[in-house]
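Report on the following structure.
Below, chain A is the first sequence line, B the second, and so on; all start at residue 1. Just so we're clear, the structure is a prediction, and the values are computed from it rather than from any experiment. FYI, side chains are in, hydrogens and waters are out, and symmetry mates aren't considered; it's all heavy atoms of this structure.
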Protein chains: 2
Amino acid sequence: MSKIKDVAKRAGVSAGTVDRIIHNRGRFSEETADRVRKAISDLNYKTDIRARNFSLSLKCRIAVLMPFPELNNDYWKLPLEGMKNALEELSASHVTAEFFHFHEYNHDKFQNMIRNIRKKQFDAFVIAPLLHDEILKLFDTLFDDKPVVFFDSDIESSPRYTYIGQKSVEAGHLAAKLMNQMISGSDNKILIITTDSGNEHLTDRVTGFLEKISFKTETIEIPVNPDNMTEILEKIRPKLGSEYNGVYVAYSSCHYIAQMIEEQGLEKKIPLVGYDLVPDNIMHLERETISYILTQRPIDQGYLSIKTLYKKIILGQESASEQLMPIDIITQENLASYIRMREIS
Amino acid sequence: MSKIKDVAKRAGVSAGTVDRIIHNRGRFSEETADRVRKAISDLNYKTDIRARNFSLSLKCRIAVLMPFPELNNDYWKLPLEGMKNALEELSASHVTAEFFHFHEYNHDKFQNMIRNIRKKQFDAFVIAPLLHDEILKLFDTLFDDKPVVFFDSDIESSPRYTYIGQKSVEAGHLAAKLMNQMISGSDNKILIITTDSGNEHLTDRVTGFLEKISFKTETIEIPVNPDNMTEILEKIRPKLGSEYNGVYVAYSSCHYIAQMIEEQGLEKKIPLVGYDLVPDNIMHLERETISYILTQRPIDQGYLSIKTLYKKIILGQESASEQLMPIDIITQENLASYIRMREIS
DNA sequence: AGCACCTGCGTTAACGTACACGCAAATGAG
DNA sequence: CTCATTTGCGTGTACGTTAACGCAGGTGCT
C-alpha cells in the first residue's frame, strides 16, 4: 500500500500539495496536478480511510423525525429498535442520534418540534415523511445539503438522499393469494379493514388485495383515532363466520379482530391476514387466531437508515437511492425464528 | 470525551501505564491499577476505536473453507455472494479473504487443500464444516486460538467462535403446514425427496415435515451424485398427479420435479414445496410450478460470517455464539421483492 | 559487598492524513 | 522601478493509541 508521501516523492512535490490536489482545495497549477494524478494512478494510491477518519475525527449527528413509538399499536417501536441497534454498533464511530417524535395529525406541535431542531446542529436526517408538505419546506430552510434519508414512505419529488421502504401493492397481492388459498368454495365474502388516514401504504395494500382476491369483499374504514372503537367492532362481531368468511386488515390493528374471533370460538375457521409483528399480533399468531402476518422488515428499515448515513458521512460510500425491503410471510411455524433473529442485531 | 492522557493525569501516572493496565499486559502494581481503573470510571473513559485502529493498523485475513460454489445446484453461490458483499463493504478496513473450495466427499483433495492453507498466514476462518472429522482435527494444528466461524451447519462439540445458521426441524414443520393448506380432501399421498448424503439438515427437514404432515407420505432417496438421474425421475413421472398429490423436496433440487410437472401439464395442480433460491428454482417459482420455496437466508449467512469476524478482530466486539436465521417463505408474489433486496448490499 | 535480575513505570516514535501557516517567486499596478 | 498582491508549494503539527525501549530502585544470590 503506497502512501501519500510515496505519491509526493514520485511526482516531485510535497505531501501537502498532493493532498490539496486530491481534495481540490487551495491553490495548485494544472501541470503539477497532472503529474500528481499520474503518480496516484501509477502507484494505485488510495487514501487510507482509517488515517483519514482518525485525522478528521468526523462526527455524524443524526436527527430522527418519526411518530411517537407507541402509535399504531406500537408499530413505530420496530424501526426505532433497528435504529438503536445500529447506533450501538456504531457508537465507537461517533455516530449519534437524537429522536424527535410527533403525532401524524398535529401540525402545530410538529412546527414546535422543528423549532427545537433548529436550535441544534445536525449532520444528517432520518425521517418518516408522513407530513409531506411540512417536510418538503424544510429542504430549503433546515436540511441545506445535508443528507436526508426517508424511511417507511417516500416523497419522490424531493431531493432526499435515499428511500428505505416498501412496495405495498405487491404486499396486497400476496395477502390475496394467501387468502384465496385458505378459503375453499366460491360463495364467500372477505371483510377488508383499513383507516381513513389517507396513508398511501394502506390504500396500496387494499388496491393490491382487490386486484388478486377471488371473492366478494366489503371494506370498512375505521377512523384513525376512533372514539367509538368498541361500537364499530360490535357491529362486525355478529357477521363473523356468517357473512364474512375471512378478514384482511391492511395495517397493524389486526389483533382487534383476532380477539373477537377468539371470543366467538372461531379460531382457525376464519382466515385472518394482517400486517406487522407488533406484540398483540405476535400473541395471536402464536394462538393461531391470526393466520398470516406480512411485514416489510421495519426493524431492518431503521437499522439501514442509520447505517446508510454512516456509510455516506464516515466512510464516504454512496448507497442506492432506493432500498426496498422484501415482503416476509410470518405464521405460527416461523414466528419463533423471526423473533430469535431480532437478538442478532 | 476524555483521552488516555486525562486518565493518566488523574491517576498520577503516564499514558503508557494506563495503556498497560487497560490491556493487562506488561508490568504494573495492583495499587496503581486500582487508581487507574477508578480514574477510568470517573472520567467515563472509552478508548477511541479510531485512534486504536489507526495505531494498530489491524488486518483481518480470513480463510474461507466451503464447497465449490456450483455444487448443490449453485446453492453455495449464495453464501459466497453474501461474503463478497461484506468484503467489499469492509475493504477499507483491511478485511480480506481467500477462498478454498472442496467437494463434500473427496477427502484426499481436502487434505491437499489444507496443506495449501498452512503455507499462508490467516487471522480467522469461516467454514462450512461438512467434513466433521477433518475439520475437528484442525483446531489443534491450524486454527490455534484464531476465531473460527461455522456457517450452514455446526459442530457443537468444537471450540468454534460462532455458528451462523439454521434450525431445520422448524423448517420442516412449516413446509408441512403449507402443504396441508394447499391440499383438500383426505385420501392423498405426498412424495418426499431427499438424498442419502447423511446431511443433518436434510434429515431434520424430513423429520419436521413428517411430524406435521396430515397425509400419507412416501420417501425417495436420491444418491448425492446420481449417474442415473433421468432413470430415477422417469420412475416418478407417471405417478405425478395420480399416486402423488404433492411433492416435498428437502433440498435445492426441487426444480427437477418442477420441470416434470410442467412437461406433464400439471402446473398448479400438484403443490410443490422446496428449498433455496437457486436460479432454476427462481424460474419455476415465477412460472408457479413451484408453490413455495423456503430459505434460511444463505446470503445473509455469508455476509454475517465475515461481519462477525470483522467485529471481533477489528472492533473488538463479541458476538453471540449462535446466530440463527429466520425461515423465509417465498412464493411468486414476494419473489421479486427478495431478488431486489439482494442488490442493497 | 558485588552482581544479576526483577519490578514498576516513564518516554518516545510511529501510524497516514488533513490543514493552517508562511515563504519565495511571479505578477500586476502605479 | 517599486511595492503590493497573488500564486504555487513546502513545512510542521495535530489527531489518540500502541508498544518498544530503557531507567531507577529494589530484591536475591553467592
Judged by nearest nucleotide, the residue sitting upstream toward the 5' end of DNA chain C, A:Ser2 or B:Thr32, is B:Thr32

Check: Is the B:Phe54 ring parallel, tilted or perpendicular to the A:Phe54 ring (thresholds 30°, 60°)?
Finding: parallel

Residue pair A:Arg27/B:Gly16 against DNA chain D: nearer the 5' end by closest nucleotide is A:Arg27

From CG of B:Asn53 across to C1' of D:dC15 the rounded distance in Å is 14 Å

The side-chain contact (heavy atoms from CB on, under 4.5 Å) partner of B:Leu65 among B:Leu130, B:Ile117, B:Leu131 is B:Ile117

Rounded to whole Å, CG of A:Leu56 lies from C1' of D:dT13 at a distance of 15 Å

Taking D:dT17, D:dC15, D:dG10 as options, the one with an atom nearest any side-chain atom of B:Tyr45 is D:dT17

5'-most to 3'-most nt of DNA chain C touching chain A (<4.0 Å, heavy-atom partner on protein side) reads C:dG16 to C:dC19

With a 4.5 Å limit on heavy-atom distance, are the side chains of A:Tyr310 and A:Glu89 in contact?
-> no

Rounded to whole Å, CZ of A:Arg20 lies from C1' of D:dG8 at a distance of 8 Å

Looking at every strand, decide which applies to A:Arg50 at a 4.0 Å heavy-atom threshold: base, sugar-phosphate, or nothing.
-> nothing

Rounded to whole Å, NE2 of B:His23 lies from P of D:dG16 at a distance of 16 Å

- [ ] Indicate, with a heavy-atom threshold strictly under 4.0 Å, whether A:Ser57 touches base, sugar-phosphate, or nothing.
- [x] nothing

Heavy-atom nearest nucleotide on DNA chain C taken for B:Ile21 and for A:Asp48; more 5' hit belongs to B:Ile21

Paired with B:Phe110, the ring-ring contact (aromatic ring centres under 6.0 Å, His included) test is passed by just one of B:Phe102, B:Phe100, B:Phe68, namely B:Phe102

| query | Considering only heavy atoms from C-beta outward, does the side chain of B:Val148 approach that of B:Phe139 to under 4.5 Å? | reply | yes

Exercise. So, B:Lys109 versus B:Asn112: side-chain donor-acceptor pair below 3.5 Å or not?
Worked result: no

* Asked: Is the shortest heavy-atom distance from the side chain of A:Asp48 to the side chain of A:Arg52 under 4.5 Å?
  -> no

Here the distance between atom P of D:dT13 and atom CG of A:Asp19, to the nearest Å, is 17 Å

Next on the checklist: Under 4.0 Å, heavy atoms only, any strand: does A:Phe54 hit a base, just the sugar-phosphate, or nothing?
Outcome noted: base

Between CG of B:Leu58 and C1' of D:dT17 the distance, given in whole Å, is 12 Å

